[in-house]
Chemist: 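The structure follows.
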Amino acid sequence: MRAARDVRVVLSRVRRRLRKTYDTSALTPSQLSVLSRLDKEGDASVSELAAVEGVRHQSVASAVAVLEERGLVARRPDPDDGRRQVVSVAEGGLAFLADSRRAGEEWLTRVLEERFTEAERRTVIEAMSLLDRLAES
């Protein structure tokens, strides 16, 4: 039980700290979540996004509208169903996500080099391998 709690707490703290490394003030958490999900899982309709995000269709539709207005996502007709539209990450969205990831990786690299010994960094790498196995379970 302690290991489970410790993993959850530490990963949450690291995730929050990573988010502080890049400016997400331009996006709400729901907009950022939609953009990240589209990047990770591929194109989807607003209805599909609402289902996997566990929120109302209208909430996702509003988030997508803002993301589209800012050039971060694009909509196009679904080739299999003309009544439906598919949302995908646009070039601007890919650039935004890449900049965010790069900022997080730069922070992590700096902190690992400044605060950890070589042996501790090897331990972190080994722990990541174990956590990756956990994520695949």
Side-chain angles (χ1 to χ4, degrees):
M1 289 291 278
R2 179 174 177 215
R5 184 189 64 77
D6 288 352
V7 166
R8 181 185 54 79
V9 169
V10 169
L11 290 179
S12 293
R13 289 176 57 203
V14 170
R15 186 174 182 194
R16 279 192 307 273
R17 185 59 184 92
L18 279 169
R19 283 186 180 155
K20 288 182 181 180
T21 64
Y22 53 88
D23 182 18
T24 60
S25 61
L27 300 179
T28 65
S30 60
Q31 292 163 354
L32 187 58
S33 179
V34 166
L35 184 61
S36 296
R37 184 172 300 277
L38 287 169
D39 181 53
K40 181 179 175 185
E41 297 177 13
D43 302 354
S45 70
V46 170
S47 297
E48 292 167 338
L49 288 167
V52 295
E53 290 284 316
V55 297
R56 296 178 307 135
H57 181 276
Q58 295 86 343
S59 298
V60 173
S62 295
V64 167
V66 171
L67 293 169
E68 184 177 31
E69 182 180 295
R70 295 184 180 174
L72 302 176
V73 300
R75 294 187 221 212
R76 69 180 192 298
D78 185 330
D80 299 325
D81 183 350
R83 300 168 294 170
R84 210 171 82 128
Q85 289 192 329
V86 176
V87 183
S88 60
V89 180
E91 288 299 318
L94 293 173
F96 175 87
L97 292 168
D99 288 346
S100 298
R101 289 179 184 128
R102 187 173 25 262
E105 288 173 6
E106 287 171 358
W107 170 79
L108 267 174
T109 299
R110 188 179 71 255
V111 170
L112 287 168
E113 287 176 353
E114 291 173 357
R115 298 186 187 172
F116 291 76
T117 66
E118 181 62 33
E120 288 172 326
R121 288 192 294 268
R122 281 193 300 272
T123 300
V124 168
I125 291 168
E126 291 170 12
M128 291 304 100
S129 178
L130 294 172
L131 290 173
D132 191 41
R133 277 188 18 215
L134 176 72
E136 292 175 356
S137 299

Chemist: Roughly how far apart are Arg76 CZ and Arg84 CZ, rounded to 0.5 Å?
Modeler: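 Taking CZ in Arg76 and CZ in Arg84, the distance rounds to 10.0 Å.
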Chemist: Is there a path of hydrophobic side-chain contacts, each under 4.5 Å between heavy atoms of I/L/V/M/F/W/Y residues, joining Leu35 to Val55?
Modeler: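 Yes, it is one cluster - the side chains of Val55 and Leu35 are joined through contacts under 4.5 Å.
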Chemist: So, taking the atom named CH2 in Trp107 and the one named NZ in Lys20, what distance separates them when rounded to the nearest 0.5 Å?
Modeler: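 Nearest 0.5 Å value for the CH2-NZ distance: 10.0 Å.
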Chemist: Quick one, Thr28 with Ser30, criterion side-chain hydrogen bond (donor to acceptor under 3.5 Å, both in side chains). Give me CA distance, side-chain angles, the key distance, then yes/no.
Modeler: CA-CA 5 Å; Thr28 65; Ser30 60; 3.2 Å; yes
Chemist: Grab the two heavy atoms, one from Asp39 and one from Leu94, that are nearest each other, plus how far apart they are.
Modeler: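 Taking Asp39 first and Leu94 second, the nearest heavy atoms are OD1-CD2, 3.5 Å.
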Chemist: Starting from Leu49, can I reach Leu97 by hopping between I/L/V/M/F/W/Y residues whose side chains sit under 4.5 Å apart?
Modeler: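 Yes; Leu49 is reachable from Leu97 via cluster members.
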Chemist: Give me the atom names and distance for the closest heavy-atom approach of Leu72 to Phe96.
Modeler: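 Minimum heavy-atom contact is CD2-CB, 4.2 Å.
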Chemist: Look at the side chain of Thr21 and the backbone N and O of Leu18, then say whether any donor-acceptor pair between them is shorter than 3.5 Å.
Modeler: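 Side chain of Thr21 to backbone of Leu18: a pair is present.
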Chemist: More than 12 heavy atoms of other residues, nucleotides or ligands under 6.0 Å from CD of Glu118: is that the case?
Modeler: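 Check passes, neighbour count above 12.
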Chemist: Can you see which heavy atom on Val46 is nearest to which on Ala61, and at what distance?
Modeler: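 Taking every non-hydrogen atom into account, CG1-N, 3.7 Å.
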Chemist: Between Met128 and Leu134, is there shared hydrophobic-cluster membership here, with clusters defined by ILVMFWY side-chain heavy atoms closer than 4.5 Å?
Modeler: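 Linked, Met128 and Leu134 end up in one cluster.
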Chemist: Which atom names give the shortest non-hydrogen contact between Val34 and Ala63, and what distance separates them?
Modeler: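 That would be CG2-CB, 4.4 Å.
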Chemist: Run the numbers on Glu48 and Glu41 for side-chain contact (heavy atoms from CB on, under 4.5 Å), then give the verdict.
Modeler: CA-CA 11 Å; Glu48 292 167 338; Glu41 297 177 13; over 6 Å; no
Chemist: Which heavy atom of Ser47 sits nearest a heavy atom of His57, and at what distance?
Modeler: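 Between these two residues, the closest heavy atoms are OG-CD2, 3.4 Å.
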Chemist: If you group Ile, Leu, Val, Met, Phe, Trp and Tyr by side-chain heavy-atom gaps below 4.5 Å, do Leu108 and Leu11 land in one group?
Modeler: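 Yes; tracing contacts between hydrophobic side chains, which count when under 4.5 Å, links both residues.
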Chemist: According to a hydrophobic-cluster definition based on side-chain heavy atoms being under 4.5 Å apart (Ile, Leu, Val, Met, Phe, Trp, Tyr only), do Leu131 and Leu112 belong together?
Modeler: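 Result: yes, single cluster for both.
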Chemist: Carefully, step by step, assess Glu106 and Thr109 under the rule side-chain contact (heavy atoms from CB on, under 4.5 Å).
Modeler: CA-CA 5 Å; Glu106 287 171 358; Thr109 299; 5.7 Å; no
Chemist: Taking atom CD of Glu69 as the centre, does the number of heavy atoms from other residues, nucleotides or ligands within less than 6.0 Å exceed 12?
Modeler: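 No, because the 6.0 Å sphere around CD of Glu69 holds 12 heavy atoms or fewer from other groups.
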Chemist: Could you tell me which non-hydrogen atom of Glu53 sits nearest to which non-hydrogen atom of Arg37, and how far apart they are?
Modeler: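 Where Glu53 meets Arg37 most closely, the heavy atoms are OE2-NE, 2.5 Å.
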